[in-house]
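Reviewing the structure listed below.
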Amino acid sequence: INQRLIAANGADQGAMSLTTLITSEVLKQIDTTPELKARTVQGNTAFVLVRNINNTRIKDVELRKALLYAWPSFQLRQLIGGSTAGDFASTVLSPTVPGYEAFDLYHQKTLPKGQSENATSLLTKAGKVGMSVVYCYANPPKGQEGSVVVKAGLEKAGFKVVLKPTDPKNFYDVIGKVNNPFDIYNGG
């Protein structure tokens, strides 16, 4: 997709993507090619990447908080271009959307590297250290790299992580099922 957007030929001449992950090589190419840089969107968009916690599978709010505290947002953003990939989100709305209100209840913006000690404390209080969680992710190379980062971050906090790779073509169909068998999955 990146190469098709760069080439801008035929039907792709006016194409755009808000969700395509850019590799570091492509990012360097964009940054060093003025005509490509001029075609990129700078700043926030209306799109927000979020981690969904399946509340029908993880009913205890304290365990959901532990997942939020353990989430490695900074490390994941580094995989997709660092600060050029956008700001850290602490709500499901982008600052560009009418009605957005800034707040950071779980310190997702101020402490994006994760707060494993807070997560571990909540897991310990609940008697759930070593609790197994199923993380479903789209399986292109960046998704695979991200799954390693997620597993490391959650396991550092005391979770046991089961990885479930999914074909990117079917990802939203798979996670969109009402009774899906996953505890955490990305969305936007």
Beyond-backbone contact of [X] with [Y], side-chain heavy atoms, under 4.5 angstrom:
X	Y	result
Asn186	Leu49	no
Tyr69	Ser116	no
Val150	Ile184	no
Val162	Ser132	yes

If you measure from [atom1] on [X] to [atom2] on [Y], what distance do you get to the nearest 0.5 Å?
X	Y	atom1	atom2	result
Gln78	Lys113	CD	NZ	8.5 Å
Lys160	Lys151	NZ	NZ	8.0 Å
Cys136	Ile175	SG	CD1	7.0 Å
Arg39	Ile6	CZ	CD1	8.0 Å
Thr166	Leu163	OG1	CG	10.5 Å
Ile58	Leu67	CD1	CG	5.0 Å

Smallest separation among heavy atoms of [X] and [Y], with atom names:
X	Y	result
Ala89	Val48	CB-CG1, 3.6 Å
Glu155	Val161	OE2-N, 3.2 Å
Phe47	Gly188	CZ-CA, 4.0 Å
Gln115	Tyr106	NE2-O, 2.9 Å
Leu123	Ala66	CG-CB, 4.3 Å
Ser73	Gln108	OG-OE1, 4.2 Å

Side-chain heavy atoms under 4.5 angstrom apart, residues restricted to Ile, Leu, Val, Met, Phe, Trp, Tyr: same cluster for [X] and [Y]?
X	Y	value
Phe103	Val61	no
Val149	Phe88	no
Leu105	Val50	no
Val129	Leu63	yes
Val134	Tyr137	no

Inset, instruction - Quick one: do Ser90 and His107 satisfy side chain to side chain contact (heavy atoms under 4.5 Å, CB included)? Show the steps, please. - result: CA-CA 8 Å; Ser90 61; His107 311 289; over 6 Å; no
Inset, instruction - Write out all pairs satisfying ring-ring contact (aromatic ring centres under 6.0 Å, His included) with one or both partners inside residues 148-188, taking only residues at least two apart or from two chains. - result: none
Keeping the roles fixed (side chain from [X], backbone from [Y]), state whether a donor-acceptor pair exists under 3.5 Å.
X	Y	answer
Thr120	Ala157	yes
Arg51	Leu68	no
Lys142	Ile80	no
Thr96	Thr45	yes

Legend entry - Lys109 bridged to Asp104 by N-O distance under 4.0 Å: no
Inset, instruction - Not counting sequence neighbours, list each pair that qualifies as a salt bridge (Lys or Arg N to Asp or Glu O under 4.0 Å) and has a residue in residues 176-188. - result: Arg57-Asp183
Legend entry - Residue list, side chain to side chain contact (heavy atoms under 4.5 Å, CB included) with Lys28, at least two apart or on another chain: none
Inset, instruction - Assess whether atom CD of Glu101 is packed by more than 12 heavy atoms of other residues, nucleotides or ligands within 6.0 Å. - result: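 Check fails, neighbour count at 12 or below.
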